[in-house]
Amino acid sequence: MAHTYDHQTVEAKWQAYWVQSGTFHVQEDPDKPKYYCLEMFPYPSGRIHMGHVRVYAIGDVVARYKTMRGYNVLHPMGWDAFGLPAENAAIEKGVHPNVWTQENVAYMKRQLQRMGLSYDWDREVNTSQPEYYRWNQWIFVKMVERGLAYRKRSAVNWCLSCETVLANEQVLAQEGKDGGVCWRCESVVIQKELEQWFFRITSYAQELLDGCDRLTTWPARVLAMQRHWIGRSEGVELDFPLAETLAGLKAIRVFTTRPDTIHGATFMSLAPESPLVEQLIAGRPEAAGVREFVTRVSRLDKATRTAADRDKEGVFTGAYAINPFTKERIPIWVANFVLYEYGTGAIMAVPAHDQRDFEFAKTYHIPVRLVIQDREGKLASETLEAAYEEQDGAGLLVNSGNFSSLSVSQAKQAIGEYVETQGWGKRTINFRLRDWGISRQRYWGTPIPMLYCDRCGIVPVPEGDLPVVLPDDVPFTGKGGSPLKESPSFSQATCPTCGGPARRETDTMDTFVDSSWYFLRYCSPKNTTQAVNPQAAHHWMAVDQYVGGIEHAVLHLLYARFFTKVLRDLGLTTADEPFTHLLTQGMVTKETYWCEEHRWLLPTEIKKDGGQRVCVHCGRTIVTGRTEKMSKSKKNIASPEDLCERYGADTARMFSLFAAPPEKDLEWSDSGVEGCYRFLNRVWRLVQELLPVVNGADTKPGSGESVLLPQLQRATHQTIKKVTEDLERGFQFNTAIAALMEFVNELYKFWKEYPGEVLTVAERAAWRTTVETLLLLLAPFAPHVTEELWETLGKRPGMSRQAWPDFDPVLVASAEWTIPLQVNGKLRSKIVVPAGSTKEQIIAGAQEDPKLAEWLQGKAARKIIYVEQKLVNFVI
RNA sequence: GCCGGAGUGGCGGAAUAGGCAGACGCAAGGGACUUAAAAUCCCUCGGGCUUACAAGCCUGUACCGGUUCGACCCCGGUCUCCGGCACCA
């Protein structure tokens with residue numbers, strides 16, 4: 001018999017069978033509970049990588065398992081197909097983005113099918129096609145109608161050479177210089193004010209925050225990141241009147257979370273971008289210096305601007321305000337660390353109790369006034385070496401008039417109320433979350449369906465005119481801002497209101513828009529009249545299990561939550577949250593190799609030389625680098641294609657599930673892969689060896705008691721229990737597979753001990769059940785080889801339509817218990833007792849144990865602790 | 001700095017309502033089969049010690065302390081690593 005099975009033939013056979021029989025096609029089935037299993041859809045970059053293998057293997061086991069458990073499972077797949085790489089390919093290779101994308105989709109689809117994934121390909125979506133993106137446009141228009149999409153000027157990173165907006169991540173810091181450079185051409189990046197479209201995600205800030213409390217099964221760190229990103233702070237907004245009223249400006253409004261420290265506010269700071277600055281300095285001698293400072297600061301890109309370790313810098317405006325509580329004149333400064341977009345763009349500065357204000361005050365010799373004293377009472381304004389940012393609730397107010405001697409929390413309350421009764425301001429809540437700017441000066445994205453008419457202003461494209469389709473007559477130069485501007489046929493349009501000439505919006509949408517609702521589109525992917533069919537969405541939503549990378553912890557997962565709420569409010573879904581359970585799988589990593597001369601090396605560029613690993617090119621000793629995420633540049637890549645070729649998809653799937661728990665990083669190991677391949681071959685051979693027994697004619701009559709029978713049954717039912725529990729308890733694939741390996745090891749022992757010739761009819765039947773169960777339990781993990789073996793057992797094909805086996809608790813229990821015996825908590829002996837023995841019987845049995853008696857040395861135990869079926873501990 | 005997570009053999013990792021630490025796999029070593037190799041099968045495998053065909057003892061889950069009959073698990077403190085955020089008033 002061959003020692004390995006022919007995975008190539010077997011896998012091709014069953015993949016063809018699944019397609020031809022429509023195994024994975026799914027429709028709403030009212031008779032079954034629904035289960036929506038979804039993995040984050042890929043960007044069609046060209047080839048799938050091990051990260052894809054891992055995430056889709058995880059999702060596929062979930063989907064196949066739930067199907068066998070009797071659920072009506074929706075398991076779709078599609079393509080997040082808009083994005084910059086397609087446009088870069090167009091610039092570099094002259095291939096149209098659509099051609100490049102579609103070719104990649106076709107190739108990657110074959111690769112996914114080669115993995116034997118149980119997708120309903122009839123529901124495939126592709127976000128770059130008009131059938132999909134027209135609904136982005138429809139949703140956009142609805143959001144405009146509801147005030148959830150709007151246009152405003154905002155500062156963006158702008159590359160002077162490429163003439164395009166850059167994301168913050170695309171601005172590279174440069175050593176020794178203020179400001180960053182473009183990642184592509186290394187020219188200076190400036191801040192530029194542009195008109196951009198925004199989604200009012202801040203309208204949902206509180207709901208998005210509250211929702212985090214209900215997503216109890218999401219990973220803690222994802223929730224922590226989302227909460228932090230939303231960043232709710234409670235505080236007070238109040239006016240500081242100007243010492244001398246200026247034309248049209250009487251006061252400056254600030255936001256503070258620390259109203260309790262207000263008596264210590266010895267100056268104010270404005271953001272450099274604040275329009276108030278110009279009003280304050282007009283006509284003053286300080287004006288020129290302030291303007292110079294503002295220009296210098298605002299030239300910096302955002303990342304540099306907001307680096308926390310930047311020195312606190314500022315300039316005095318020459319103007320003063322009145323602290324409403326102390327009535328003192330306090331100077332108004334402009335400071336580099338004050339953000340215009342947060343709060344009111346102006347702060348009251350309390351150097352004694354805020355570290356930034358403290359550093360600023362020390363630099364510019366501004367008075368520090370202590371208004372909270374710590375528990376020991378030794379702090380003093382003059383000797384303070386750092387701000388006392390009271391945390392533990394021990395501090396009490398001092399130098400604060402009627403509020404002195406209140407605790408911090410009491411003072412927050414009292415001063416907040418006082419501000420309101422005086423009419424100076426109000427208690428309020430601020431969020432860090434900003435509205436989502438979605439305009440992109442790019443071609444390969446959804447055209448924003450808006451028109452600009454000189455007479456009628458900004459007008460949405462009427463619903464009947466959607467989609468606004470991407471034009472083909474666009475040159476790809478990589479320069480000149482929005483490529484759509486270069487297409488006259490596109491940018492010139494007619495105003496639907498007045499019939500006059502109009503200019504079409506030439507920016508496209510952020511690709512995160514596409515992925516914010518695709519899970520809803522899968523419910524009714526072919527619908528040509530609606531973005532989402534509400535009935536279908538009602539049936540399938542929410543996604544029961546979402547699987548994807550942690551890198552989307554904030555952006556995609558937050559945007560998707562936002563869109564779900566928007567579409568809910570548009571009446572398209574009843575779901576409040578899109579993803580009930582979230583599994584964030586770890587990265588796939590691999591060891592790296594470094595040669596001093598030839599830099600990063602492939603494993604094939606290394607040879608062994610006298611116990612040392614050396615470079616094949618120069619013979620230098622190899623340095624083993626960190627184990628890192630697989631990347632082309634580090635040359636620590638393993639190829640899914642090679643893997644499928646050599647070992648097959650089943651092995652690839654098994655290894656990526658077995659080598660680590662799903663949420664942890666997985667270190668790729670070629671020998672580990674071999675281990676999984678060996679295991680599948682062991683299963684294969686076991687079934688082959690057993691075939692004559694389980695398929696053969698019943699020749700030997702039954703003969704009374706069987707020793708094997710209960711052992712087979714117990715092993716089988718214990719394994720069903722373990723695998724089922726591991727899958728139910730948070731998808732612990734690694735231990736589920738370990739249990740299957742143990743099971744197979746055990747079955748080989750039984751087979752050796754009780755060879756086929758001696759088996760009774762009943763034992764043969766038990767073997768048959770055992771083997772069938774093994775295949776059923778293994779099927780979600782290794783679907784091809786199990787289908788093949790299932791067929792050799794004479795079964796009808798289609799394991800995914802088989803029911804998941806149940807275990808019988810009676811058969812799980814063993815006939816004997818092994819009870820560890822402890823003396824003073826240390827293991828000293830073990831006894832074997834019949835199952836069901838009582839506490840008294842077990843203790844009596846233990847006391848007859850000679851080894852235990854030795855340890856007890858004739859002493860009577862002070863105390864005997866018995867844990868049901870677990871152990872006995874004698875305390876002496 | 002703040003937030004989140006994690007520290008267990010040579011390696012990946014098991015075991016938590018507090019109850020036999022190291023399942024399963026890899027690597028390594030030994031053996032069987034073979035002319036040989038591959039494949040396959042069997043055995044050993046945390047450290048130390050005593051005895052050596054058998055067996056036994058001590059020790060061990062980052063570190064220090066605590067609670068408990070009993071701690072990888074709970075509590076207090078320390079260290080290290082990973083990830084995220086980083087002037088948000």
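Labels below follow one simple rule: chain letters A, B, ... track the order of the sequence lines, proteins then strands, and each chain is numbered from 1. What you see below is based on every heavy atom in this structure, not just the backbone, and it leaves out hydrogens, waters and symmetry mates.
- Consecutive Watson-Crick or G-U pairing (both distances under 3.5 Å) extending over three or more pairs maps onto RNA chain B as B:1-7 with B:79-85, B:10-12 with B:24-26, B:28-32 with B:40-44, B:46-50 with B:55-59, B:62-66 with B:74-78.
- Aromatic ring centroids of A:F360 and A:W333 lie under 6.0 Å apart.
- Looking at A:K870, its side chain has no donor and acceptor atom pair within 3.5 Å of the base of B:C20.
- Within the structure, side-chain hydrogen bond (donor to acceptor under 3.5 Å, both in side chains) contacts touching residues 863-876 of chain A (residues at least two apart or in different chains) do not occur.
- Interface remark: the A:R434 side chain does form a donor-acceptor pair with the B:C88 base, using a distance-only criterion of under 3.5 Å.
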Report, one pair per line, the protein and nucleotides 37-39 of chain B atoms (nitrogen or oxygen only) whose separation is under 3.5 Å.
none

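- When the nearest nucleotides of RNA chain B are assigned to A:P820 and A:K749 by heavy-atom distance, the more 5′-ward of the two goes with A:P820.
- Side-chain proximity of A:K830 to the nucleotides B:C20, B:G13, B:G4 is greatest for B:C20.
- A:S233 comes within contact range of the sugar-phosphate backbone alone, with a heavy-atom separation under 4.0 Å but no base atom that close.
- When distances are taken from the side chain of A:L339 to each of B:G12, B:C88, B:C20, the shortest belongs to B:C88.
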What does the list of N/O pairs under 3.5 Å between the protein and nucleotides 69-73 of chain B look like, with a distance for each?
from: B:C69; atom 1: O2; to: A:N873; atom 2: ND2; distance (Å): 2.3

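- Contacts of A:F743 classified as ring-ring contact (aromatic ring centres under 6.0 Å, His included), with partners at least two apart in sequence or in another chain: none.
- Nearest nucleotide to the A:V338 side chain, out of B:A15, B:A89, B:C24: B:A89.
- Along RNA chain B, the nucleotide nearest to A:Q732 and the one nearest to A:G343 differ in position, and the one closer to the 5' end is contacted by A:Q732.
- For the salt bridge (charged side-chain N to carboxylate O under 4.0 Å, His left out) condition, no pair includes a residue of residues 822-833 of chain A, sequence neighbours left out.
- Across B:G25, B:G5, B:A27, the shortest atom-to-atom separation from the side chain of A:A220 is found for B:G5.
- Within the structure, salt bridge (charged side-chain N to carboxylate O under 4.0 Å, His left out) contacts touching residues 217-230 of chain A (residues at least two apart or in different chains) are A:D213-A:R227.
- Checking B:G19, B:A89, B:A23 against every side-chain atom of A:V867, the shortest atom distance belongs to B:G19.
- Rounded to a whole angstrom, the distance from the P atom of B:G5 to that of B:C72 is 22 Å.
- With P as the reference atom, B:A86 and B:C3 are 16 Å apart, rounded to whole Å.
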Between the protein and nucleotides 1-3 of chain B, list the N/O to N/O atom pairs that are separated by less than 3.5 angstrom.
none

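- Among residues at least two apart or in separate chains, there is no salt bridge (charged side-chain N to carboxylate O under 4.0 Å, His left out) pair with a member in residues 658-673 of chain A.
- Note on residues 728-752 of chain A: pairs passing salt bridge (charged side-chain N to carboxylate O under 4.0 Å, His left out), not counting sequence neighbours, are A:R69-A:E728, A:E725-A:R729.
- Regarding A:K722, its NZ atom lies at a distance of 12 Å from the P atom of B:C24, rounded to whole Å.
- Among A:W668, A:Y647, A:Y677, the single residue meeting the ring-ring contact (aromatic ring centres under 6.0 Å, His included) criterion with A:F655 is A:W668.
- For A:T256, taking side-chain heavy atoms from C-beta onward, the closest of the listed nucleotides B:A27, B:A89, B:G13 is B:A89.
- Taking the six-membered ring where the residue is Trp, the centroids of A:F750 and A:Y754 are separated by 6.0 Å or more.
- Nearest to the side chain of A:W855, among B:C87, B:C57, B:G19, sits B:C57.
- In this structure, the nucleotide among B:A86, B:G83, B:C24 sitting nearest to the side chain of A:R432 is B:A86.
- The separation of B:C74 from B:C82, taken at their P atoms, amounts to 24 Å, rounded to a whole angstrom.
- Contacts of A:E674 classified as salt bridge (Lys or Arg N to Asp or Glu O under 4.0 Å), with partners at least two apart in sequence or in another chain: none.
- The shortest distance between side-chain heavy atoms of A:V350 and A:T266 does not fall below 4.5 Å.
- Under the side-chain hydrogen bond (donor to acceptor under 3.5 Å, both in side chains) criterion, A:W424 pairs with no residue, sequence neighbours left out.
- Picking from B:A23, B:A27, B:C87 the nucleotide with the shortest atom distance to the side chain of A:F337 gives B:C87.
- Atom P of nucleotide B:U40 and atom CD of A:Q688 are separated by 16 Å, given to the nearest angstrom.
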